[in-house]
Protein chains: 2
Amino acid sequence: MSYRPDPAASRLAAGRTGTVIVAVPIINSWYFSTVMAGAEAVCADAGLEFQVIGLSNDEARNRLLDEDRQIERRADGLILVDVRITPEQVASLERRNVGLATVGRSVHGHPAVCIDDEHVGRIAAEHLLGLGHERLAIIGGLADDPMNFDVPKSRRRGFEQELDARGISLDPGLVANGNFSVADGVEAMNDLLAHPHSPTAVFAMSDEMAFGAVTAMKSAGLNPGIDVSIIGVDDHEFSSVIDLTTIRQPVVDHGARAARLLLASMEAEPNAGSATNASFVHRPELELIVRATTGPPNAT
Amino acid sequence: MSYRPDPAASRLAAGRTGTVIVAVPIINSWYFSTVMAGAEAVCADAGLEFQVIGLSNDEARNRLLDEDRQIERRADGLILVDVRITPEQVASLERRNVGLATVGRSVHGHPAVCIDDEHVGRIAAEHLLGLGHERLAIIGGLADDPMNFDVPKSRRRGFEQELDARGISLDPGLVANGNFSVADGVEAMNDLLAHPHSPTAVFAMSDEMAFGAVTAMKSAGLNPGIDVSIIGVDDHEFSSVIDLTTIRQPVVDHGARAARLLLASMEAEPNAGSATNASFVHRPELELIVRATTGPPNAT
DNA sequence: CTGAAAGCGCTAACAA
DNA sequence: TTGTTAGCGCTTTCAG
């Protein structure tokens with residue numbers, strides 16, 4: 001007959017919760033909500049409850065991970081998306097047998113899905129250099145960093161590596177801050193345009209910042225891809241609409257993959273103590289999508 | 001000392017779960033993820049677990065609400081965002097003592113947060129008519145409707161009411177479909193521009209569709225706010241960037257308010273049987289934000 | 001291999 | 001009032 005176990009009773013008796021928690025810095029942001037969507041679908045398929053926690057700052061993160069919070073009694077597994085975690089906190093989770101998977105950051109001994117951010121930078125640089133640009137700028141630098149986000153550092157490193165390889169140097173004055181929002185992109189681009197020797201090509205570390213930058217360029221009467229080239233990262237839905245050249249990453253898949261890896265790892269070590277299995281990092285494919293906002297430098 | 005009850009044990013013993021579920025049609029969409037963020041913050045403050053379920057179609061919705069699923073054992077309350085629910089399903093939830101609050105749709109006997117969509121249409125019409133436009137179009141019509149979304153119908157009704165009041169009629173050929181995405185906005189605007197007698201002003205039912213429409217206009221060499229006016233709805237973060245005139249609705253607040261109403265109603269009737277309290281609908285404020293994409297008709 | 005029984009850690013009802 | 005106890009409905013272990 002149609003018998004369904006009571007989740008509360010089975011939790012109590014079995015000590016397992018049948019729940020996965022995903023923690024993101026900001027719930028209503030394109031990237032994070034897209035990762036969440038991917039993870040939720042996988043959890044729903046697996047019959048697991050899917051909880052979301054917004055961690056706007058380090059304090060909230062520590063509260064979640066704090067042993068007093070007893071996350072092990074609320075969830076079997078945790079997916080951290082761009083959330084920093086200390087080795088002590090990782091060890092604590094292991095001790096408490098809470099599965100862990102991460103997105104955008106890797107933790108030794110646990111599955112991670114993260115793109116190669118240096119490679120992102122290299123792809124961008126390679127594309128722009130290949131078009132003949134020599135005066136390059138970056139949007140998405142080292143602004144206020146509440147979450148210790150190190151994606152920007154890696155992308156910049158890759159970008160500079162590629163420049164170095166061709167004997168071109170990056171003017172530090174052409175690295176504009178930006179916290180990955182559209183508004184930041186506008187501001188950053190305005191700063192770059194105000195530079196005495198403004199760039200012919202710009203690498204924006206996210207499409208959203210690129211949108212802002214494109215807007216700023218247009219306000220300044222500049223034609224993206226002709227007067228100034230710009231490349232973003234993500235392949236946001238809106239990118240194709242404004243014909244933005246970008247580096248696509250499969251974001252829904254990040255979430256889905258992390259969830260699948262988490263489930264597999266939880267199945268594999270139902271009651272292991274310390275980290276026995278090796279760290280395995282999954283690197284989603286990156287794809288350069290060339291559209292209209294990049295082109296050869298304008299012969300001025 | 002630092003004693004913390006085991007949620008599973010307390011659930012089992014008390015029959016309450018300390019969990020709220022929010023169900024949305026699409027997790028990774030601007031509107032829904034923004035509502036979620038508001039609701040999550042309130043639930044986190046109240047010490048409640050916050051679960052998210054994506055309901056991409058009616059079947060998934062029915063599965064969630066199906067008595068077999070025993071949602072009453074998984075959550076104390078449910079927030080439905082633009083999710084249709086039948087009276088039988090409402091009655092079933094009441095019988096099972098699951099709290100219910102809705103966003104974007106109202107259910108008799110339960111708290112709801114929903115803007116007055118006819119009013120949205122009226123504000124848009126009033127603004128455009130006030131500028132002197134007479135040839136008006138709508139983007140966001142009656143396209144495929146997997147979720148029985150009736151927001152578009154109400155907005156259109158309000159829009160037409162206002163037109164009627166001024167003795168102006170809406171050309172049915174100038175009502176373009178659109179499922180609230182950027183891409184749909186592009187397509188819809190292209191259709192409108194292809195019309196033999198194209199509009200001087202357009203009401204897009206969401207900012208995202210308006211973004212697409214603006215893009216299409218620019219591709220056609222038209223200047224928004226000068227050649228053709230366009231007004232959106234939402235006040236999406238990107239709107240200020242492209243200077244889009246829009247009708248702001250406080251979306252984070254929709255979620256926060258719905259969560260607070262849910263919590264209050266759950267507290268009020270811890271074990272009531274049928275719907276005893278009256279239906280109360282909260283109507284968030286709407287605000288016309290006039291920016292650059294609307295202006296008087298071009299004297300051509 | 002099948003079936004009974006002993007908790008899991010609470011809450012709520014009850015007795016003192 | 002305060003302290004005690006009987007379940008809540010499973011899972012798992014242990015005996016048959």
Side-chain angles (χ1 to χ4, degrees), chain A residues 1-21 43-51 53 63-78 92-100 262-274 276, chain B residues 1-21 43-51 53 63-78 92-100 262-274 276:
Chain A
M1 52 205 87
S2 78
Y3 160 80
R4 305 224 122 280
D6 180 331
S10 95
R11 260 160 236 209
L12 180 57
R16 260 171 286 99
T17 63
T19 301
V20 166
I21 292 179
C43 292
D45 272 2
L48 293 166
E49 319 268 314
F50 180 77
Q51 289 189 189
I53 296 188
R63 222 183 308 127
L64 171 68
L65 264 17
D66 188 35
E67 309 221 341
D68 274 7
R69 231 343 255 288
Q70 294 185 99
I71 192 178
E72 72 276 16
R73 293 189 164 179
R74 327 184 86 87
D76 300 336
L78 179 61
S92 160
L93 288 177
E94 286 164 355
R95 211 178 308 122
R96 296 185 279 160
N97 198 32
V98 177
L100 176 63
L262 176 66
L263 301 193
S265 85
M266 281 163 39
E267 203 146 317
E269 39 154 2
N271 50 6
S274 55
T276 48
Chain B
M1 53 204 86
S2 76
Y3 159 81
R4 305 223 124 280
D6 180 331
S10 99
R11 259 161 237 210
L12 180 58
R16 259 171 288 97
T17 63
T19 300
V20 166
I21 293 179
C43 291
D45 272 3
L48 293 166
E49 319 267 313
F50 181 77
Q51 289 190 191
I53 297 188
R63 221 182 309 127
L64 171 69
L65 264 17
D66 188 34
E67 309 221 341
D68 273 7
R69 232 342 256 288
Q70 295 184 99
I71 193 180
E72 72 276 15
R73 293 189 165 178
R74 326 186 88 87
D76 300 335
L78 179 61
S92 159
L93 288 177
E94 287 164 356
R95 211 178 309 124
R96 296 185 278 160
N97 198 31
V98 176
L100 176 64
L262 176 66
L263 301 193
S265 85
M266 281 164 36
E267 202 147 318
E269 39 155 0
N271 51 6
S274 54
T276 49

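What you see is a predicted model, and the numbers here were worked out from it, not measured in a lab. Here is how names work: the chains are called A, B, and so on, in the same order as the sequence lines, proteins then strands, and each is numbered from 1.
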*Decide yes or no for T19(A) and R11(A): does some side-chain heavy atom of the first lie under 4.5 Å from some side-chain heavy atom of the second?*
yes

Give each protein N/O atom lying under 3.5 Å from an N/O atom of nucleotides 5-12 of chain C, with the pair distance.
{"from": "dC10(C)", "atom 1": "O5'", "to": "Y3(B)", "atom 2": "OH", "distance (Å)": "3.3"}
{"from": "dC10(C)", "atom 1": "O5'", "to": "D6(B)", "atom 2": "N", "distance (Å)": "3.4"}
{"from": "dA12(C)", "atom 1": "OP1", "to": "R16(B)", "atom 2": "NH2", "distance (Å)": "3.2"}

*asked:* Could you report the tightest heavy-atom contact between A9(B) and L12(A), atom names first, then the distance?
replied: CB-CD1, 3.6 Å

_Run the salt bridge (Lys or Arg N to Asp or Glu O under 4.0 Å) test against R16(B) and tell me which residues pass, sequence neighbours left out._
none

*Does the side chain of E49(A) reach to within under 4.5 Å of the side chain of E49(B), using non-hydrogen atoms?*
no

_Value rounded to 0.5 Å, distance of CG in L100(A) from CE in M266(A)_ = 11.5 Å

*Judged by atom type as modelled, is there a donor-acceptor pair below 3.5 Å linking the side chain of T17(B) to the main-chain atoms of D76(B)?*
yes

*asked:* Using a 3.5 Å limit for the pairing distances, which stems of at least 3 consecutive Watson-Crick or G-U wobble pairs does DNA chain D take part in?
replied: C:1-14 with D:3-16

*Identify, with sequence neighbours excluded, every residue that meets salt bridge (Lys or Arg N to Asp or Glu O under 4.0 Å) alongside R69(A).*
none

*Is any side-chain heavy atom of L48(A) closer than 4.5 Å to a side-chain heavy atom of L263(A)?*
yes

*What residues, two or more places apart in sequence or in another chain, satisfy side chain to side chain donor-acceptor pair (under 3.5 Å) together with S10(B)?*
none

*Name the first nucleotide and the last nucleotide along DNA chain D (5' to 3') that come under 4.0 Å of a heavy atom in chain A.*
dG9(D) to dT12(D)

*Close side-chain approach of R95(A) and E67(A), heavy atoms under 4.5 Å*: yes

